[in-house]
Amino acid sequence: MNRSFKIGSNRSAGHRPGPTAGRLLKLTIPTREGIFLAHYSETGLAGLDFPKAKGRTAFKNGGRRSEVGMSVNDPAGRLRQKNILRWHRTTTAALKAVLAGRAAKNLPPLDWTGKTEFQQAVWRELLKLGPGETKSYGEIAEAIGKPKAVRAVGGACGTNPIPVLVPCHRILAANKKIGGFSGGLERKRSLLKREGVNL
DNA sequence: CACTCGATCAGCG
DNA sequence: CGCTGATCGAGTG
């Protein structure tokens, strides 16, 4: 019955949706692990990419890329840049904290435009987990009131656009085994280890 | 609409 | 252990 539907997309508003709709700027975050890439929209952080290659300058253009809607001549564009740069400082601090096994003090606004209600429900649930606190896919399913949607929860974790900050690495399989991770199991293990989790 | 595919899970041998 | 069926959401044509 209740079929999935997308939220917040501009589809009916006469804007153009497009695959990268709303993604205005990509900024890099250098860390010990390598260079992360944060994607920002007009309303917040929309994506976070793991470093491409270990310890290398993985992104061309120095990681700073202006796109449509970011014109510095346009007052609105300037405002967006200002917001984004502020969010980026928050993102950077948060990422470094989690990579160090500590809790993020605060997060930038997260832009989940175009994602389904189900996915957002899962991700919101993940945000409740602190460092070292793990749950199983089944427990998340239960928590969002869909106890049987176990595999679907796995699916939502796998499409989480903002890993690390939305801590999908804290979701384990039922038997406290590692489960999967789109960013690579080694990364999941390493993140968990730094949070003091023993498998 | 009718498929297919999963970062699942519990049960059973 | 390994195998299997149940079950749900997302993606595809």
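Proteins come first, then strands; the chains are lettered A, B, ... in the order of their sequence lines, and each starts at number 1.
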**Student:** Expressed in angstrom and rounded to an integer, what is the separation of A/Q119 atom CD from C/dG9 atom C1'?
**Tutor:** 8 Å

**Student:** Rounded to the Å, how far apart are A/E142 CD and B/dA10 P?
**Tutor:** 11 Å

**Student:** Hey, does A/G138 reach any base, or is it just sugar-phosphate, or nothing, if we go heavy atoms under 4.0 Å?
**Tutor:** sugar-phosphate

**Student:** Can you identify which nucleotide, out of C/dA10, C/dC8, B/dA7, has its nearest atom closest to the A/K188 side chain?
**Tutor:** B/dA7

**Student:** Does A/R187 count as lying over the ring of A/F181, i.e. NZ or CZ under 6.0 Å from the six-ring centre, within 45 degrees of the axis?
**Tutor:** no

**Student:** I'd like to know if A/R170 and A/E195 make a salt bridge, using a cut-off of under 4.0 Å between side-chain N and carboxylate O.
**Tutor:** yes

**Student:** Expressed in angstrom and rounded to an integer, what is the separation of A/N175 atom CG from B/dG11 atom P?
**Tutor:** 13 Å

**Student:** Applying side chain to side chain contact (heavy atoms under 4.5 Å, CB included), can you list everything that pairs with A/N175, at least two apart in sequence or on another chain?
**Tutor:** A/A173, A/K177

**Student:** Could you work out, with salt bridge (charged side-chain N to carboxylate O under 4.0 Å, His left out) as the rule, every residue matching A/R86, not counting sequence neighbours?
**Tutor:** none

**Student:** Expressed as a whole number of angstroms, how long is the span from A/I144:CD1 to C/dC8:P?
**Tutor:** 12 Å

**Student:** Starting from the 5' end of DNA chain C, give me the residue, A/T159 or A/V150, whose nearest nucleotide shows up first.
**Tutor:** A/V150

**Student:** Atom NZ of A/K115 and atom P of C/dG9: how far apart are they, to the nearest Å?
**Tutor:** 17 Å

**Student:** Tell me whether the side-chain N/O atoms of A/S136 come closer than 4.0 Å to OP1 or OP2 in B/dT8.
**Tutor:** no

**Student:** So, using salt bridge (charged side-chain N to carboxylate O under 4.0 Å, His left out) as the criterion, who are the partners of A/K128 when residues are at least two apart?
**Tutor:** A/E125

**Student:** I need the CH2-P distance between A/W123 and C/dA10, as an integer number of Å.
**Tutor:** 9 Å

**Student:** A/T159: what forms a side-chain hydrogen bond (donor to acceptor under 3.5 Å, both in side chains) with it, not counting sequence neighbours?
**Tutor:** A/Q119

**Student:** A/Y137 has an atom OH; how far is it from atom P of B/dC9, in whole Å?
**Tutor:** 8 Å

**Student:** Name every residue in residues 160-174 of chain A that has at least one heavy atom under 4.0 Å from any atom of DNA chain C, in order of residue number, or write none if there are no such residues.
**Tutor:** none

**Student:** From the set B/dA7, C/dA10, C/dC8, return the single nucleotide nearest to any side-chain atom of A/T116.
**Tutor:** C/dA10

**Student:** Any ring-ring contact (aromatic ring centres under 6.0 Å, His included) involving residues 80-107 of chain A? Give me the pairs, sequence neighbours left out, ordered by first then second residue.
**Tutor:** A/Y40-A/H88

**Student:** Applying side-chain hydrogen bond (donor to acceptor under 3.5 Å, both in side chains), name anything that partners A/S182, two or more places apart in sequence or on another chain.
**Tutor:** none

**Student:** Show me the protein contacts with nucleotides 1-6 of chain C, counting only N or O atoms at under 3.5 Å.
**Tutor:**
{"residue": "C/dA6", "atom": "N6", "partner": "A/R151", "partner atom": "NH1", "Å": "3.4"}

**Student:** For atom CD of A/E142, is the number of surrounding heavy atoms from other residues, nucleotides or ligands below 6.0 Å larger than 12?
**Tutor:** no

**Student:** Could you write out DNA chain B as dot-bracket? Rules: Watson-Crick or G-U wobble, both distances under 3.5 Å, brackets [ ] for crossings, | for pairs with another strand, dot for unpaired.
**Tutor:** ||||||.||||||

**Student:** Quick one: ring-ring contact (aromatic ring centres under 6.0 Å, His included) partners of A/H39, sequence neighbours excluded?
**Tutor:** none

**Student:** Restricting to ring-ring contact (aromatic ring centres under 6.0 Å, His included), what partner residues turn up for A/Y137, sequence neighbours left out?
**Tutor:** none

**Student:** Please report, rounded to the nearest Å, how far the C1' atom of B/dA7 is from the CG atom of A/L185.
**Tutor:** 8 Å

**Student:** State which residues pass side-chain hydrogen bond (donor to acceptor under 3.5 Å, both in side chains) with A/R151; sequence neighbours excluded, sorted by chain then number.
**Tutor:** none

